[in-house]
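The block underneath contains the structure these notes are about, expressed in structure tokens.
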Amino acid sequence: MADLITTRQTADGPDMNRRDFLKKTPVAVAWVAALAGALSPLRNLGDTISAEEFLQSHYKELSPDDMKRVLARITDEVEREYRVRPHLRDVTPMDGVQFAMALNLTRCIGCRKCVHACVEENNQSRSPEIQYIRVLEMPQGTMDMERGNHDYDVEQVPRDGHFYMPVQCQQCENPPCVKVCPVEATWQEPDGIVAVDYNWCIGCRYCEAACPYWARRFNFSKPELPAEDVNPDMAYLSNRPRPKGVVEKCTFCLQRTREGRYPACLEVCPTGSRVFGNVLDPDSSISYILKNKRVFVLKEELGTRPRFYYFFDS
Amino acid sequence: MLALLALCFVLDLWGEVEPVQPGQSKGRQYSANETVRDPLLAPRLEKIGFEYGCVECHRNFSLDNKRRQRLAEHTSIELDHGANSRCDNCHLLDKLDVLVDYEGSHIAFEESEKLCGKCHGPKYRDWKEGVHGRPNGYWLASRGESVKATCVQCHSPHSPAFKPMTPAPAPDERRGSGGNGHG
């Protein structure tokens, strides 16, 4: 962080020729105008970022005491802004647990309830609309997700000749998004969840570009979340409100799943197309699927090794 | 010059225009995890504001199960369950407050999945494994219960094919969630 700031200062302040420069007033005005324009995003930063927040360490370097302070600060901020006191905590991975999800493409009918349940659970911006799950309407006979259409607008689903493929973060074991992050603001947790520290993310969007599943979302403007829609059950690494200018994505609802519950997309599915659980437990339903059904992953050839499986089975 | 710059800054002359309309609350309609059907869990029917047990009516007459179409009662029920085309495959005609099991034993209405299991063994097994149907609650038994939706919460026993649905709204392109990536 300190490095970044010094570089910025030297780049901005050309000291030579200053006198000549000032004589040419019109040029100076234009210069000021341009600079003010360029710096204007910082104004918004000033509104939202406290010094304490600015100086906060990386998630992995926060001591338990630091974390307590950070959580208290964010809790207050959320309460001030949304008038609800959140139950915010740092939910850590469980020992002996690695998560995976499987999705039954024979059963999914493309009703999109998962998309909206996810938004409500995870406090995504309602405007601009941020959604982690994209449901692709696929023509029968292809598995190429690039041929899917996600904005089908029809009276009834399923439509003849189509199947439906919800796509979200695949929680890859070999995640390309993590590798390209220049500041390590995103990483893989021991339970397989790829997490983002919103306080560390600089918004460069490399990860968004690197993801072959188009699973990451960027907050171009300040996320708009009506106070009455806030889900107060929050975790630091997942569904606490996000600032402008950071990347976010599906976290397998870690605020739920790391406390033993099912993710929201699974619980709302009217067809029961999703199976979720601990692959290290041989008796779990996800292990049953991996053992007994012919599962496949998206874009296997890329070597990303998703923890998100698909299968056909009525 | 710095003063000029400061002025620009304070007046927000080049500040960003807020690009979107404030989001309206749509409520939390998708956080509810209800199933597509609300099945009958007890052998009782409501009729013109009163509740009757099945037997209350049925003890007054006997049925022969020959009728293909209902005329006097239950007229909305039309069997569309493949070769399973008789009421008494599932209902015990001389004891309508329970469902049929093997050789004279009964299945209670609230355990109707056992009835389905008699003819749909593999699906019933998958359901018990938690891979057909849907669990709600806890995947981790030590933390809480995993409650399985029963067959009749998703399938009508009389017309069991899963019914088409109206999909939830598509991503709103104007509000920019969706379209601009690949795909």
Side-chain angles (χ1 to χ4, degrees), chain A residues 22 28-29 32-33 35-37 39-41 43-44 109-113 115-117 120-121 125-131 134 136 145-146 148 150-158 214 220-221 224-226 228-229 259-262 266-272 275-278 285 288-289, chain B residues 1-2 4-5 8-9 12-16 18-36 123 126 129-144 146 149 154 162 164-173 175-179 181-183:
Chain A
L22 277 180
V29 170
V32 170
L35 186 60
L39 290 179
S40 62
R43 281 176 43 84
N44 299 6
I109 58 173
C111 74
R112 291 205 189 93
K113 284 200 161 171
V115 175
H116 295 272
E120 287 171 17
E121 168 69 27
S125 170
R126 308 302 204 266
S127 176
E129 206 173 51
I130 297 235
Q131 299 178 341
R134 237 182 355 144
L136 300 176
M145 64 179 275
E146 307 293 335
H150 68 257
D151 53 11
Y152 55 95
D153 187 11
V154 296
E155 276 297 300
Q156 285 211 315
V157 284
W214 198 49
F220 277 101
S221 45
E224 185 79 46
L225 172 61
E228 58 270 43
D229 293 353
E259 294 184 346
R261 297 169 64 200
Y262 291 110
L266 181 151
E267 289 210 316
V268 81
C269 179
T271 64
V275 179
F276 176 85
N278 178 10
S285 46
Y288 181 91
I289 295 280
Chain B
M1 189 172 67
L2 274 180
L4 199 57
L5 182 59
C8 292
F9 219 57
D12 199 13
L13 292 183
W14 284 268
E16 225 168 291
E18 275 302 307
V20 285
Q21 299 299 311
Q24 285 249 309
S25 170
K26 293 181 187 143
R28 298 188 55 187
Q29 48 181 324
Y30 299 100
S31 310
N33 297 326
E34 74 263 324
T35 47
V36 292
K123 275 282 173 297
D126 275 3
E129 286 290 343
V131 302
H132 185 85
R134 187 186 79 193
N136 281 84
Y138 291 81
W139 62 267
L140 188 60
S142 61
R143 291 292 179 92
S146 174
C154 296
F162 198 84
M165 291 173 67
T166 309
D172 186 341
E173 300 298 335
R175 301 236 215 104
S177 78
H182 37 259

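Just so it is clear: chains get the letters A, B, ... in the order the sequence lines come, proteins before strands, and each one is counted from 1.
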Checklist entry - Do A:His116 and B:Pro169 have side-chain heavy atoms sitting under 4.5 Å apart? => result yes
Next on the checklist: Less than 4.5 Å to any heavy atom of chain B: does that hold for the side chain of A:Leu225, its backbone, both, or neither?
Outcome noted: neither
Checklist entry - Quick one: of B:Gly130, B:Pro135, B:Gly144, who has the most non-hydrogen atom pairs under 4.5 Å with chain A? => result B:Pro135
Checklist entry - Does any non-hydrogen side-chain atom of A:Tyr262 lie less than 4.5 Å from one of B:Ser146? => result yes
Checklist entry - Is chain A contacted by the side chain of B:Thr166, its backbone, both, or neither, given a heavy-atom distance below 4.5 Å? => result both
Next on the checklist: So for A:Gln156, is it side chain, backbone, both, or neither that comes closer than 4.5 Å to the heavy atoms of chain B?
Outcome noted: both
Checklist entry - Are any side-chain N or O atoms of B:Arg134 and backbone N or O atoms of A:Thr271, one a donor and one an acceptor, separated by less than 3.5 Å? => result no
Checklist entry - How far does CZ of A:Arg126 sit from CG of B:Asp172, to the nearest 0.5 angstrom? => result 13.5 Å
Next on the checklist: Looking only at heavy atoms and a cut-off of under 4.5 Å, which of B:Glu34, B:Arg143, B:Gln29, B:Met165 has the most pairs with chain A?
Outcome noted: B:Met165
Next on the checklist: With a 4.5 angstrom heavy-atom cut-off, is it the side chain or the backbone of B:Val131 that approaches chain A, or both, or neither?
Outcome noted: both
Item to check | Winner by heavy-atom pair count (cut-off under 4.5 Å) against chain B, out of A:Arg261, A:Lys113, A:Glu120, A:Glu259 | outcome: A:Glu120
Checklist entry - What option among A:Ala117, A:Ser125, A:Gly277 has the most heavy-atom pairs under 4.5 Å with chain B? => result A:Ala117
Item to check | Test item: B:Pro167 and A:Val154 side chains (from C-beta on) under 4.5 Å apart, heavy atoms | outcome: yes
Checklist entry - Are any side-chain N or O atoms of A:Glu267 and backbone N or O atoms of B:Gly137, one a donor and one an acceptor, separated by less than 3.5 Å? => result yes
Next on the checklist: On a heavy-atom basis, which atom in A:Pro270 and which in B:Cys154 lie closest, and how many Å separate them?
Outcome noted: O-SG, 3.8 Å
Checklist outcome for this item: Checked B:Ser31, B:Ala149, B:Ala141, B:Ser142 vs chain A; the most non-hydrogen pairs under 4.5 Å come from B:Ser31
Item to check | Largest heavy-atom contact set with chain B, pairs under 4.5 Å, which of A:Val268, A:Val157, A:Asn278 | outcome: A:Val157
Checklist entry - Can you name the closest pair of heavy atoms from A:Arg112 and B:Pro171 and give their distance? => result NE-CD, 4.1 Å
